[in-house]
A.B. asks: 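Take a look at the following structure, please.
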Number of protein chains: 2
Amino acid sequence: MSTKKSETTIYTPTECKKFILPVRDVIDIIGGKWRLPIIIALSFKIHRFKELERQIEGITPRMLSKELKELEINGLVNREVFNTMPVTVEYSLTDYGKSLDKVIETMRDWGLTHRNKISNE
Amino acid sequence: MSTKKSETTIYTPTECKKFILPVRDVIDIIGGKWRLPIIIALSFKIHRFKELERQIEGITPRMLSKELKELEINGLVNREVFNTMPVTVEYSLTDYGKSLDKVIETMRDWGLTHRNKISNE
DNA sequence: TATAGCACTATACTAAAGTATATCAGTATC
DNA sequence: GATACTGATATACTTTAGTATAGTGCTATA
């Protein structure tokens, strides 16, 4: 993979682990069954809790709540509470969350090529 | 995210799922605890089974065998058996496996930025 | 003959991820 | 007064991912 060292350099397990850590971070942040659906829904528009629940088919309120919290902790999602009756809660992508755009696009490009390759075999 | 439609277009759950599928494929292919370590080890050089087992700290032969099979099924890894005594088996990345390079690099870039952001907070 | 290396496989287990179902407090509508 | 909406939470369960440990058949070396 991309490196300043030559192709033949042997990496120690420790160096390999260091190389992998930031890649793993991305998988840990957007991995799991529901994170991408949530991120992509929010990339189109701000959603309320129930809107997301309806938009994302099959998700339970437990998972939605859990994953939104995780995404908020990682700084990708913003949660705003409005003092209405009954209370309104809006979830949106932060600029930081939006910056995942190009990562998702690169993954999608490769994934589409993969799908074509598989279906042509 | 990247789309031909305007920002305000509301996507149906079905359209969203279709958009996500190829991205999920990538996560399914390189996700899990051991896939990246294996791919990255093989990106530096061809390895034999025991070499990988020694290179990737903590992996058990069961997981190594299981994940190599998966990667082979997905066309990322090539398995070559040599008729020596005892038998020699070499694992290498296919060109297709190498094409993940730019995906991993993009993820790594974002991940490194993320790590800097987290440590500066 | 004992030991070690090679490339695995089998069985049994634990831990993590996700599901199902019920419920909460508050308000508005029928 | 019953029902339904809001944004969730609690408990119990299943399913999937990963671990631990032992063992296979083969050969070369001590």
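In what follows, chains are A, B, ... by sequence order, proteins preceding strands, each numbered from 1.
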A.B. asks: Any chain of hydrophobic side-chain contacts (each under 4.5 Å) joining A:V81 to A:V77?
C.D. replies: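 In one cluster: yes.
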A.B. asks: Go through C:dT11, C:dT19, D:dT6 for me and flag the one nearest to the A:R62 side chain.
C.D. replies: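 Of C:dT11, C:dT19, D:dT6, C:dT19 is nearest to the side chain of A:R62.
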A.B. asks: Would you kindly give the CE-to-P distance between A:M63 and C:dT21, to the nearest whole Å?
C.D. replies: 16 Å
A.B. asks: Can you give me the closest heavy-atom contact between B:I30 and B:R35, atom names plus distance?
C.D. replies: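 Shortest heavy-atom separation between B:I30 and B:R35 comes out as O-CB, 3.5 Å.
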A.B. asks: Name the nucleic acid region contacted by A:R35, choosing base, sugar-phosphate or nothing; use a 4.0 angstrom heavy-atom cut-off, strictly under.
C.D. replies: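 If one applies the 4.0 Å heavy-atom cut-off, A:R35 turns out to touch nothing in the nucleic acid.
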A.B. asks: Rounded to the nearest angstrom, tell me the gap between atom CD1 in A:I56 and atom P in D:dG7.
C.D. replies: 14 Å
A.B. asks: Roughly how far, to the nearest 0.5 Å, is the CZ atom of A:R108 from the CG atom of A:D101?
C.D. replies: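 Interatomic distance, A:D101 CG to A:R108 CZ, rounded to 0.5 Å: 11.0 Å.
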A.B. asks: May I have the distance from A:E90 (atom CD) to D:dA8 (atom C1'), rounded to whole angstrom?
C.D. replies: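 These atoms are roughly 17 Å apart.
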A.B. asks: Nearest nucleotide by nearest heavy atom, which residue falls closer to the 5' end of DNA chain C, A:W34 or A:M85?
C.D. replies: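 The answer here is A:W34.
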A.B. asks: Are the charged groups of A:K50 and A:E53 less than 4.0 angstrom apart, N to O?
C.D. replies: yes
A.B. asks: Take the protein atom CZ of B:F82 and the nucleotide atom C1' of D:dT27, then report the distance between them rounded to whole Å.
C.D. replies: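 It is 19 Å, rounded to the nearest whole Å.
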A.B. asks: The side chain of A:R79 is closest to which nucleotide in this list: C:dT9, D:dT9, D:dG7?
C.D. replies: D:dG7
A.B. asks: Whole angstroms only, please: what is the CZ-C1' distance between A:R48 and D:dC5?
C.D. replies: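 Result: 10 Å.
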A.B. asks: What is the separation between atom CD on A:E51 and atom C1' on D:dT6, rounded to the nearest whole Å?
C.D. replies: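 Result: 12 Å.
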A.B. asks: Using heavy-atom distances to pick each residue's nearest nucleotide on DNA chain C, tell me which of A:I59 and B:K50 is more 5'.
C.D. replies: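 The answer here is B:K50.
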A.B. asks: Of the nucleotides D:dT6, D:dG7, D:dT9, which has the atom closest to the A:V89 side chain?
C.D. replies: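 Looking only at heavy atoms from C-beta outward on A:V89, the closest nucleotide is D:dG7.
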A.B. asks: If you only use heavy atoms from C-beta on, which nucleotide in C:dG5, D:dG18, D:dT9 is closest to the side chain of B:E67?
C.D. replies: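 From the listed options, D:dG18 comes nearest.
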A.B. asks: Group every Ile, Leu, Val, Met, Phe, Trp and Tyr by side-chain heavy-atom contacts under 4.5 Å, then state whether A:V87 and A:Y91 land in the same group.
C.D. replies: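 Yes, A:V87 connects to A:Y91 through the hydrophobic network.
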A.B. asks: From CD1 of A:I27 over to P of D:dA17, roughly how many Å is that when rounded to an integer?
C.D. replies: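 Roughly 14 Å, once rounded to whole Å.
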A.B. asks: Round to the nearest Å and state the distance from B:R24 atom CZ to C:dA17 atom C1'.
C.D. replies: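 Rounding to the nearest Å, CZ of B:R24 and C1' of C:dA17 are 12 Å apart.
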